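Accompanying notes for the structure given below.
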Amino acid sequence: MDVRRITESLIQTGIKRKLEEWGIPEEISVSVEVPRQEEHGDFSTNAALQLAGHMKRKPRDVAMELLGSIRQADEGGWFRDLTVAGPGFINVVLSEGAWQEVLANALTKGERFGAVDRKEGERVLLEFVSANPTGPLHVGHGRGAVVGDALARILAFTGCQVTTEYYVNDVGNQIDCLGKSLYARYLQLCGKKAELPEDGYRGEYLVDLAREFREEVGDRYLPVEEEEAFPVFRKVACDRILNGIRKDLETFHVHIDRWFREESLHESGSVAAIVDELRERGQLYESEGAVYFKSESHGDEKDRVLVRADGRTTYFASDLAYHRAKLRQGFTKLIDIWGADHHGYAPRLSAALKGLGEKDSRLEILLVQFVSLVRDGKTVQMSTRSGEFTTLREVMDEVGIDAARFFYLLRSFRSHLDFDLTLASKKSNENPVYYIQYVHARICSIFREAADRGIVLSDAPPLSVLSLPDETNLMKKVARFPDVVSESGKAREPHRIPFYLLDLAREFHAFYHNHRFLGETPERTQGRLALATAVRNVVSTGLSLLGVSAPERM
RNA sequence: GCGCCCUUAGCUCAACGGAUAGAGCUCCUGACUUCGGAUCAGGAGGCUGGGGGUUCGAAUCCCUCAGGGCGCGCCA
């Protein structure tokens with residue numbers, strides 16, 4: 001039950017009737033909003049402002065007529081007050097009964113309040129992290145991981161069928177280079193002089209890995225020819241690093257349903273097939289021995305190589321086969337979450353889907369901007385190649401899972417993030433994550449105290465006693481939750497939820513300070529405990545959508 | 001050079017084309033004998049980077065300039 005939806009439909013009904021009367025087709029977009037200012041009511045519509053221009057009438061006059069029609073449409077007394085304000089807005093105040101009805105619904109639904117149960121929701125494949133298995137996850141990957149995971153939770157909660165997937169780039173030059181780097185490290189440990197490849201991976205983790213491997217196999221690969229030894233090292237490096245990544249994500253409570261290996265596309269012949277298909281569709285041509293895809297004609301800035309002069313396919317070819325495979329599995333929406341450094345790649349992929357005759361609107365690419373770490377007010381420098389980077393594991397250890405996830409999600413992923421390690425690791429009032437968790441702990445504490453006093457919340461608490469402005473305001477905040485979650489999912493903006501929760505927490509803490517939950521009249525105590533229950537449920541559900549725990553004690 | 005993203009309070013950031021641009025942190029001043037002070041109340045802090053345009057209405061859309069980030073491989 002979404003207050004906004006109910007309100008919106010009543011307003012729309014009223015407007016529609018009036019439009020029919022006036023003989024105006026409903027092509028004008030009319031919005032129902034939650035005003036920023038409380039004095040402007042619970043909801044507000046700009047309908048009259050939008051219509052007045054077309055009708056060549058004064059907005060306020062149009063508003064007056066619409067208002068009458070909306071009032072008529074509201075047969076059940078959902079609205080308490082309708083007024084025309086400012087340049088011609090129609091402001092709406094809901095009746096107390098309406099809010100109480102929502103609260104009752106929130107109590108019935110419990111932790112499913114705000115959830116959408118849809119049998120045939122959109123089938124979404126959400127692909128994220130997909131970091132090359134050439135090193136441990138760092139703080140940048142962490143952001144993509146949490147954003148993707150939270151989005152998956154939000155979409156699932158709002159009625160989508162979501163599958164999460166990690167695309168493993170386990171073939172190609174970079175993996176070859178990784179294998180060579182590990183091989184060099186191994187030889188070095190065996191006391192042999194060996195140089196890392198020019199663009200090799202210099203991180204300390206490969207030395208550790210080489211040591212671990214040598215402890216298992218000893219010097220067995222010392223006399224083996226490089227060509228023979230190399231594939232072994234490549235596989236060992238790739239597998240073990242990927243294993244580390246799996247563990248990191250697990251620790252971080254990031255859930256991946258499927259791990260999709262690039263190599264499987266080669267094994268199954270999908271890559272070759274996609275090249276053939278594009279050739280049949282007349283999308284390819286040869287130049288200087290290489291095969292190009294005509295991506296420029298589909299909106300990319302230039303044509304791209306699919307097959308190199310030496311006959312090997314490019315990463316782009318694999319990626320095409322990969323996305324085609326995803327679409328063939330019946331997903332109606334593919335969401336890819338990429339690091340912002342890959343943004344130039346997006347037009348190429350959409351171009352390719354068009355070239356394959358697919359609707360490119362089924363592909364949505366979200367670009368997550370970079371993360372800088374800040375400690376004690378100073379930026380921590382990072383560089384993957386030199387191996388000087390802060391790993392996700394280190395951040396989790398330093399600030400904790402809850403705080404790390406929360407800090408990642410508190411900002412729009414479309415903007416750069418300064419991750420303040422000093423602040424995030426503080427277990428004090430400066431740290432906003434505890435402000436929210438404290439609401440939950442506090443309410444649990446109230447119920448512990450209630451139990452001690454022998455007070456039990458009844459199944460049908462008298463909600464009509466909740467008539468104080470502070471009580472109504474808290475109810476209103478609770479009632480917004482379904483709308484916030486729904487919008488957060490539609491806009492692909494998880495950060496709206498932490499902001500909402502901070503807002504709710506503020507409202508609750510203020511209420512707590514000014515009123516008592518226990519010790520009033522029995523009816524009032526029942527009503528307030530009901531309200532507290534609803535707040536606790538919303539906080540708990542909201543935090544779970546972020547993958548953050550809701551502790552009973554802190 | 002070309003392309004994409006960003007620029008909002010001292011700092012970090014919000015704001016579905018709407019009305020007087022909001023939070024947190026920092027700084028200052030206050031509050032509880034009660035259910036948890038990881039709390040609450042108040043104050044200070046802004047020409048939304050500059051300039052044009054569209055609109056009844058612009059932080060938001062368009063153009064332009066300036067500053068910052070990131071791309072522009074037969075790497076992935």
Side-chain angles (χ1 to χ4, degrees), chain A residues 29 31-37 39-40 44 46 49-50 52-53 58-59 85-89 91 130-132 134 169 171-175 177 199 262 287-292 301-302 304-310 312-316 318-319 339-347 367 369-370 372 374 377 407 410-412 414-420 423 426-439 441-450 452-453 483 487 490-491 495-496 498-499 502-503 505-506 508-519 528 532 553-554:
Chain A
S29 79
S31 69
V32 173
E33 300 167 1
V34 179
R36 268 204 288 254
Q37 307 257 310
E39 310 88 74
H40 296 147
S44 160
N46 63 354
L49 288 159
Q50 298 288 345
K58 287 184 187 166
F89 292 102
N91 293 341
S130 299
N132 288 355
T134 53
N169 302 125
V171 288
N173 293 340
Q174 293 190 9
I175 292 296
C177 181
D199 289 328
E262 182 183 352
S287 173
E288 295 174 17
V291 178
Y292 282 77
E301 45 183 54
K302 57 178 167 181
R304 308 290 179 174
V305 173
L306 270 189
V307 187
R308 300 174 176 104
D310 64 9
R312 291 150 60 225
T313 51
T314 58
Y315 169 80
F316 181 39
S318 306
D319 212 20
D341 54 337
H342 286 72
H343 74 260
Y345 189 74
L367 298 169
Q369 296 294 324
F370 275 31
S372 321
V374 177
F407 270 66
L410 190 56
R411 306 277 174 255
S412 161
R414 297 172 219 274
S415 298
H416 286 245
L417 170 65
D418 277 347
F419 194 114
D420 189 336
L423 179 60
K426 275 190 186 163
K427 293 208 164 29
S428 73
N429 57 352
E430 291 162 78
N431 194 335
V433 65
Y434 302 116
Y435 186 77
I436 297 171
Q437 290 183 321
Y438 188 47
V439 171
R442 236 181 179 176
I443 295 174
C444 290
S445 166
I446 292 170
F447 277 95
R448 284 194 292 270
E449 176 66 22
D452 284 351
R453 298 188 196 179
D483 190 35
E487 291 299 311
K490 278 187 212 155
H495 76 273
R496 294 189 190 200
F499 272 93
L502 284 170
D503 200 31
R506 224 181 334 269
F508 175 80
H509 284 312
F511 186 92
Y512 181 89
H513 191 259
N514 292 325
H515 306 278
R516 303 193 58 74
F517 283 85
L518 308 173
R528 291 216 172 139
R553 295 171 202 269
M554 295 171 65

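We name chains A, B, ... by the order of the sequence lines, and we start the count at 1 in each one. This structure is a prediction, so every number in the text was calculated from the model and none was measured. When reading the values below, keep in mind they use all heavy atoms of this one structure, side chains included, and skip hydrogens, waters and symmetry mates.
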Report task. Go through the structure and list residues passing side chain to side chain donor-acceptor pair (under 3.5 Å) with A/Glu449, not counting sequence neighbours. Result -> A/Arg453

Report summary line: Per atom distances to the A/Asp418 side chain, the nearest of B/U34, B/U12, B/G36 is B/U12

Query - C1' spacing across the pair B/A9 / B/U26, given as an integer number of angstrom - result: 12 Å

Report summary line: Assign each of A/Tyr292 and A/Leu417 the nucleotide of RNA chain B bearing its closest heavy atom; nearer the 5' end lies the nucleotide of A/Leu417

Requested in this report: For A/His515, check ring pair (Phe, Tyr, Trp, His ring centres under 6.0 Å) against everything at least two apart and list the hits.
Outcome: A/Phe511

Requested in this report: Name all residues meeting the side chain to side chain donor-acceptor pair (under 3.5 Å) criterion together with A/Glu487; count only those two or more places apart in sequence or in a different chain, and write none if there are none.
Outcome: none

Report summary line: Expected string for nucleotides 66-71 of chain B under the B/S/- scheme (protein heavy atoms, under 4.0 Å, primed atoms plus P, OP1, OP2 as sugar-phosphate) is ---SBS

Query raised in the report: For A/Ala532 and A/Phe447, which heavy atoms make the closest approach, and how far apart are they?
Result: CB-CE1, 4.2 Å

Query raised in the report: Residues in salt bridge (charged side-chain N to carboxylate O under 4.0 Å, His left out) with A/Asp310, at least two apart?
Result: A/Arg312

Query - Atom P, compared across B/G67 and B/G57: separation rounded to whole Å - result: 33 Å

Query raised in the report: Which part of the nucleic acid, if any, lies within contact of A/Ala510, taking any heavy atom under 4.0 Å across all strands shown: a base, the sugar-phosphate backbone alone, or nothing?
Result: sugar-phosphate

Query raised in the report: Given atom CG of A/Leu518 and atom C1' of B/U34, what is their separation to the nearest angstrom?
Result: 11 Å

**Report entry** A/Phe508: ring pair (Phe, Tyr, Trp, His ring centres under 6.0 Å) partners, not counting sequence neighbours
**Finding:** A/Phe517

Requested in this report: For A/Arg553 and B/G36, give me the distance from atom CZ to atom C1', rounded to whole Å.
Outcome: 11 Å

Query raised in the report: Just how far, in rounded Å, is P of B/C72 from CZ of A/Phe316?
Result: 15 Å

Query raised in the report: When you compare B/C25 with B/A66, how far apart are their P atoms, in angstrom units rounded to a whole number?
Result: 39 Å

Report summary line: For nucleotides 18-28 of chain B, 5' to 3', base contacts (B), sugar-phosphate-only contacts (S) and non-contacts (-) with protein non-hydrogen atoms under 4.0 Å give BBB-SSSSS--

Report task. Looking at every strand, decide which applies to A/Arg312 at a 4.0 Å heavy-atom threshold: base, sugar-phosphate, or nothing. Result -> nothing

Report task. When you get a sec, tell me which of B/G36, B/C13, B/C74 is the closest nucleotide to the side chain of A/Arg411? Result -> B/C13

**Report entry** Whichever of A/Ala505 and A/Arg496 has its nearest RNA chain B nucleotide further upstream toward 5'
**Finding:** A/Arg496

Query raised in the report: What nucleic acid atoms does A/Val374 come within less than 4.0 Å of, heavy atoms only: base, sugar-phosphate, or nothing?
Result: nothing

Report task. List for me each residue that meets ring pair (Phe, Tyr, Trp, His ring centres under 6.0 Å) alongside A/Tyr434, sequence neighbours excluded, and say none if there are none. Result -> none

**Report entry** Rounded distance in Å between the C1' positions of B/G10 and B/G46
**Finding:** 12 Å

Query - Exceeds 12 heavy-atom contacts within 6.0 angstrom, atom CD of A/Glu288 - result: no

Query raised in the report: Can you say whether the rings of A/Tyr345 and A/Tyr315 are parallel (under 30°), tilted (30 to 60°) or perpendicular (over 60°)?
Result: tilted

Requested in this report: Using whole Å, report how far CZ of A/Arg304 lies from P of B/A76.
Outcome: 14 Å

Query - Reported CZ-to-CD1 distance for the pair A/Arg448 and A/Ile443, which is rounded to 0.5 angstrom - result: 11.5 Å

Query raised in the report: In terms of side-chain heavy atoms of A/Lys302, which of B/C72, B/A76, B/C35 is nearest?
Result: B/C72

Query - Nearest-Å distance for atom pair CG/P, residues A/Asn514 and B/U34 - result: 16 Å

Query - Between CG on residue A/Leu367 and CG on residue A/Asp341, distance to nearest 0.5 Å - result: 9.0 Å

Query raised in the report: Taking only Watson-Crick and G-U wobble pairs with both distances under 3.5 Å, what dot-bracket line describes RNA chain B, where [ ] shows pairs that cross earlier ones and | shows pairs with another strand?
Result: (((((((..((((....[...)))).(((((.......))))).....(((((..]....))))))))))))....

Query raised in the report: How long is the line joining CG of A/Leu367 and P of B/G3, in whole Å?
Result: 18 Å

Query raised in the report: CD of A/Glu288 versus P of B/C74: gap in Å, rounded?
Result: 10 Å

Requested in this report: Please step through side-chain contact (heavy atoms from CB on, under 4.5 Å) for the pair A/His40 and A/Phe89, ending with a clear verdict.
Outcome: CA-CA 9 Å; A/His40 296 147; A/Phe89 292 102; over 6 Å; no

Report task. Determine the Euclidean distance between corresponding P atoms of B/U60 and B/A44; express it in Å to zero decimal places. Result -> 27 Å

**Report entry** A/Gln369: side chain to side chain donor-acceptor pair (under 3.5 Å) partners, not counting sequence neighbours
**Finding:** none

Requested in this report: Give the nucleotide from the list B/C40, B/A76, B/A38 with an atom nearest to the side chain of A/Tyr434.
Outcome: B/A38

Report task. Kindly say whether, by distance alone, the side chain of A/Gln174 makes a donor-acceptor pair under 3.5 Å with the base of B/C75? Result -> yes

**Report entry** Test side chain to side chain donor-acceptor pair (under 3.5 Å) applied to A/Arg304 - qualifying residues, sequence neighbours left out
**Finding:** A/Asp300

Query raised in the report: Can a donor-acceptor pair be found between the side chains of A/His416 and A/Arg411 at a distance below 3.5 Å?
Result: no

Query raised in the report: Taking the same atom, P, in B/G22 and in B/G30, what whole-Å distance lies between them?
Result: 28 Å

Query raised in the report: Any side-chain N or O of A/Arg448 under 4.0 Å from OP1/OP2 of B/G36?
Result: no

Query raised in the report: Within this structure, what is the NE2-to-C1' distance between A/His509 and B/A41, rounded to whole angstrom?
Result: 15 Å

Query raised in the report: Mind checking the P distance from B/C16 to B/A76? Whole angstroms is fine.
Result: 40 Å

Report task. Pick the P atom in B/G17 and in B/A59, then give their distance to the nearest Å. Result -> 13 Å

Report summary line: Between A/Glu262 and the options A/Val171, A/Asp319, A/Asn132, the side chain to side chain contact (heavy atoms under 4.5 Å, CB included) test singles out A/Val171

What protein N or O atoms touch nucleotides 30-33 of chain B N or O atoms at under 3.5 angstrom, if any, and at what distances?
none

